[in-house]
Amino acid sequence: MAGFTYFPFILLISSLLLASYGFASEGQYSDVPVVKGLSWSFYESSCPKLDSIVRKHLKKVFKKDIGQAAGLLRLHFHDCFVQGCDASVLLDGSASGPSEQEAPPNQTLRPEAFEIIEELRELVHKQCGRVVSCADITAIAAREAVFQVYVDITVVGVGVKSGGPEYNVPLGRRDGLNFATTETTNENLPPPTSNTSTLLTELAKKKLDATDVVALSGGHTIGIGHCSSFEDRLYPTQDATMDKTFAKDLKQVCPAIDFIATTVLDIRSPNKFDNKYYVDLMNRQGLFTSDQDLYTDSRTKDIVKSFAVDEELFFEQFVKSMIKMGQLSVLTGSKGEIRADCSVRNADNVKLTSVVEEEEEAAHSEL
């Protein structure tokens with residue numbers, strides 16, 4: 001009799017742990033307000049396999065190089081913070097001026113991230129036609145970067161994936177027709193040397209509050225940082241808020257000013273999306289000033305502590321803040337366009353122009 005009761009018990013425990021260690025259900029965060037023009041089911045009819053196309057391709061990408069996940073997540077951030085989530089960061093420069101990519105804050109964006117977004121666009125447009133924007137593909141890719149960064153663990157004899165939350169992304173964004181100036185790009189991307197006061201002031205302009213700032217900073221649980229972004233905390237004197245052993249290790253990576261090297265943002269679990277970033281901060285092991293000061297500043301310290309001790313709380317707030325950020329100044333309806341190449345406006349796309357001209361000529365010849 002005991003054998004019959006034990007197996008269901010194991011199943012029950014395993015199910016509970018799967019829920020704890022696995023991913024949030026897609027509908028869990030759908031109560032987040034959605035701006036007019038976006039919806040949770042925007043491509044339900046026009047491109048029903050959109051999510052699966054993106055997920056399948058990125059699974060291959062991340063299997064080859066998990067570091068690309070952080071690159072895609074950061075790309076979405078840098079797109080949305082500068083004139084809204086309109087894929088303007090993907091545009092190449094033109095005669096009108098340099099692209100957003102050439103601005104100092106964007107020069108460390110991974111070149112592969114841009115290539116991956118274009119690969120995804122080609123796959124999606126091949127399946128569905130030119131109906132899905134580059135801005136939406138970038139937003140979905142960022143979600144996948146969070147969801148697919150996990151580790152395999154065994155719980156009560158059951159293999160489960162422990163990583164970031166899964167969530168729906170409201171869709172319907174259209175692509176911008178212009179990129180921002182270098183000045184505008186610089187003004188809207190606070191550097192990693194910023195303190196909490198600067199972050200709160202700048203992001204409040206985008207209607208993001210202190211909780212949003214701390215939650216979104218949790219994206220630094222994956223990825224790398226360049227020496228130039230934190231060397232001011234090591235030289236000429238060590239930042240007093242930095243753990244001494246941590247500082248010693250960083251000096252091994254970056255032995256002098258202007259040294260070119262990188263190190264992980266989260267020393268505890270750099271290839272897993274979790275809440276260990278906040279544990280780092282509580283142990284004075286945050287890499288950037290913009291990270292560590294969140295624990296130093298009284299306005300954000302308790303938020304950091306709450307996320308450090310409760311991973312699910314962090315996941316819930318991260319998703320809400322991501323969805324909120326992902327709707328900044330979006331173009332919808334008839335505004336903007338759906339690019340046929342993420343790096344160039346349709347009006348400047350020679351290939352697209354020639355195709356349109358050929359179609360028009362063919363239509364006239366039939367008359």
Side-chain angles (χ1 to χ4, degrees), residues 54 57-58 61-62 64-94 97-121 133-146 148-149 173 175-176 178-194 199 202-203 206 216-231 260-266 270-271 273 287-288 290-291 322 325-326 328 339 341-344:
V54 174
H57 184 66
L58 290 183
V61 170
F62 298 155
K64 182 182 294 186
D65 181 4
I66 193 62
Q68 298 305 328
L72 290 171
L73 181 60
R74 188 171 178 230
L75 186 64
H76 182 47
F77 273 72
H78 282 229
D79 179 36
C80 291
F81 283 160
V82 181
Q83 73 179 29
C85 311
D86 64 349
S88 59
V89 71
L90 304 179
L91 288 170
D92 289 337
S94 67
S99 70
E100 292 177 23
Q101 298 168 34
E102 297 175 61
N106 287 334
Q107 289 178 6
T108 54
L109 290 174
R110 298 189 185 217
E112 298 92 339
F114 297 93
E115 296 169 6
I116 293 167
I117 295 297
E118 183 58 21
E119 291 170 0
L120 290 170
R121 183 206 59 74
S133 68
C134 297
D136 273 347
I137 291 172
T138 302
I140 297 171
R143 186 271 310 277
E144 290 301 305
V146 170
Q148 293 199 41
V149 180
R173 300 167 188 77
D175 300 320
N178 300 290
F179 47 75
T181 63
T182 297
E183 181 181 7
T184 298
T185 303
N186 289 338
E187 290 175 351
N188 284 276
L189 293 171
T193 54
S194 302
L199 294 182
E202 292 303 314
L203 297 192
K206 304 180 190 304
L216 292 173
S217 295
H220 283 176
T221 186
I222 57 175
I224 57 175
H226 295 256
C227 292
S228 58
S229 297
F230 58 86
E231 62 187 14
I260 300 175
T262 61
T263 190
V264 296
L265 295 174
D266 174 5
N271 292 325
F273 195 96
L287 189 62
F288 303 145
S290 59
D291 294 321
M322 277 291 286
M325 182 200 73
L328 290 175
R339 288 186 211 140
D341 180 326
C342 290
S343 67
V344 61

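Just so it is clear, the values below take in all heavy atoms, side chains as well, and ignore hydrogens, waters and symmetry mates.
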Who passes side chain to side chain contact (heavy atoms under 4.5 Å, CB included) against Ser99, sequence neighbours left out? Gln101, Glu102

Set of residues satisfying side chain to side chain contact (heavy atoms under 4.5 Å, CB included) with respect to Leu265, sequence neighbours excluded: His220, Leu287, Phe288

Might you point out which heavy atoms bring Ser133 and Asp175 nearest each other, and give the distance in Å? CB-OD1, 3.4 Å

Please report the interatomic distance CZ(Arg143) to CG(Leu58), rounded to the nearest 0.5 Å. 9.5 Å

List in chain and number order the residues that pass ring pair (Phe, Tyr, Trp, His ring centres under 6.0 Å) with Phe62, two or more places apart in sequence or in another chain; answer none if no residue qualifies. none

Stepwise, does the side-chain hydrogen bond (donor to acceptor under 3.5 Å, both in side chains) test hold for Thr185 with Thr182? CA-CA 5 Å; Thr185 303; Thr182 297; 5.9 Å; no

Of all residues at least two apart in sequence or in a different chain, which pass the side chain to side chain donor-acceptor pair (under 3.5 Å) check with Thr193? none

Would you call Val344 and Asp92 a side-chain contact if the rule is heavy atoms closer than 4.5 Å? no

Could you state the interatomic distance from CG (Asn178) to OG (Ser88), rounded to the nearest 0.5 Å? 9.0 Å

Can you list the residues that meet the salt bridge (Lys or Arg N to Asp or Glu O under 4.0 Å) rule with Asp136, with sequence neighbours excluded? Arg173

Is there any salt bridge (Lys or Arg N to Asp or Glu O under 4.0 Å) pair reaching into residues 108-120, and which pairs are they, with sequence neighbours excluded? Glu118-Arg121

Answer yes or no: is there a side-chain heavy-atom contact under 4.5 Å between Glu144 and Leu120? no

Hey, does Phe81 have a side-chain heavy atom less than 4.5 Å from the side chain of Glu187? no

Is a side-chain donor or acceptor of Thr138 paired with a backbone partner of Cys134 at a separation under 3.5 angstrom? yes

Can you list the residues that meet the side chain to side chain donor-acceptor pair (under 3.5 Å) rule with Glu231, with sequence neighbours excluded? none

So Gln83 and Thr184, do their side chains get closer than 4.5 Å, heavy atoms only? no

With sequence neighbours excluded, residues passing ring pair (Phe, Tyr, Trp, His ring centres under 6.0 Å) with His76: none

Donor-acceptor check, side chain of Ser194 to backbone of Pro191, threshold 3.5 angstrom: yes or no? yes

Set of residues satisfying side chain to side chain donor-acceptor pair (under 3.5 Å) with respect to Asn186, sequence neighbours excluded: none

For Arg339, the salt bridge (Lys or Arg N to Asp or Glu O under 4.0 Å) test, sequence neighbours excluded, returns none

Qualifying residues under salt bridge (Lys or Arg N to Asp or Glu O under 4.0 Å), relative to Glu100, sequence neighbours excluded: none

Gln107 atom CD: more than 12 heavy-atom contacts under 6.0 Å: yes

Residues two or more places apart in sequence or in another chain: which of them pass side chain to side chain donor-acceptor pair (under 3.5 Å) with Thr108? Arg74

